Amino acid sequence: MSDVLAELSKVLEARKQAEADSSYVASLHAKGLNKILEKVGEESFETVIAAKDAQASGDNSDVIYETADLWFHSLVMLSHLGEKPEAVLEELARRFGLSGLDEKASRN
Ligand SMILES: N=c1c2ncn([C@@H]3O[C@H](COP(=O)(O)OP(=O)(O)OP(=O)(O)O)[C@@H](O)[C@H]3O)c2ncn1[C@@H]1O[C@H](COP(=O)(O)O)[C@@H](O)[C@H]1O
């Protein structure tokens with residue numbers, strides 16, 4: 001796992017015990033899963049818009065910023081559910097070498 005992801009994961013874990021008025025992450029946990037999912041949905045939408053704008057303008061800076069917001073809120077969601085980012089990385093690692101088309105065919 002990247003150092004950044006590992007470091008952020010540690011901070012997110014610690015924030016589950018923090019006071020809501022001193023931490024944005026703690027305030028999301030205090031508001032509950034629905035609020036966290038609302039943020040994931042909002043950031044997904046903003047990422048899609050930023051990608052369309054990037055295609056038109058040739059400038060990727062906003063799509064990088066919005067993708068960081070999306071990844072961050074997805075990590076808060078996993079943390080709220082008691083999961084670590086390693087679980088997602090392990091799932092991606094499991095898929096190495098498995099073509100998406102072959103995987104889809106195996107389900108049909
Ligand atoms: N990476 C992030 C991060 N990315 C985005 N955000 C926050 O996520 C929010 C994004 O929401 P929006 O863009 O919708 O802005 P908004 O309108 O203020 O949001 P709402 O009022 O709708 O909640 C902003 O408040 C950002 O500051 C983050 N907040 C925290 N982190 C990391 O989490 C750590 C712990 O943060 P605290 O819990 O606040 O100490 C920090 O040290 C950072 O490493």
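Bear in mind that the values here come from a model prediction, so they are computed numbers and not experimental data. Note that ligands are numbered from 1 as they come in the structure, with each ligand's atoms numbered from 1 the same way.
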Peer 1: Begin from the C-alpha positions of E13 and K10 and carry the test salt bridge (charged side-chain N to carboxylate O under 4.0 Å, His left out) through to its verdict.
Peer 2: CA-CA 5 Å; E13 206 45 44; K10 260 196 264 170; over 6 Å; no

Peer 1: Got a sec, which residues hit ring pair (Phe, Tyr, Trp, His ring centres under 6.0 Å) with Y24, two or more places apart in sequence or on another chain?
Peer 2: H73

Peer 1: Let's go through L28 and K35 carefully: what are the C-alpha distance in whole Å and the side-chain angles of both, what is the deciding distance for side chain to side chain contact (heavy atoms under 4.5 Å, CB included) to 0.1 Å, and is it a yes or a no?
Peer 2: CA-CA 7 Å; L28 285 178; K35 177 65 188 178; 4.1 Å; yes

Peer 1: Given V76, which partner from the list K39, K16, H29, R15 fulfils the side chain to side chain contact (heavy atoms under 4.5 Å, CB included) test?
Peer 2: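 By the side chain to side chain contact (heavy atoms under 4.5 Å, CB included) criterion, V76 pairs with just one of K39, K16, H29, R15: H29.
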
Peer 1: Show me, by chain and number, every protein residue that has a heavy-atom distance under 4.0 Å to ligand 1.
Peer 2: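 Residue list for ligand 1: L8, V11, R15, S23, Y24, V25, K39, E42, E43, D69, F72, H73.
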
Peer 1: Establish whether M77 and L8 are linked, either directly or via other cluster members, by ILVMFWY side-chain heavy-atom contacts under 4.5 Å.
Peer 2: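 Cluster IDs for M77 and L8 match.
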
Peer 1: Assess whether a salt bridge exists between R94 and E90, defined as any Lys/Arg side-chain N lying under 4.0 Å from an Asp/Glu carboxylate O.
Peer 2: no

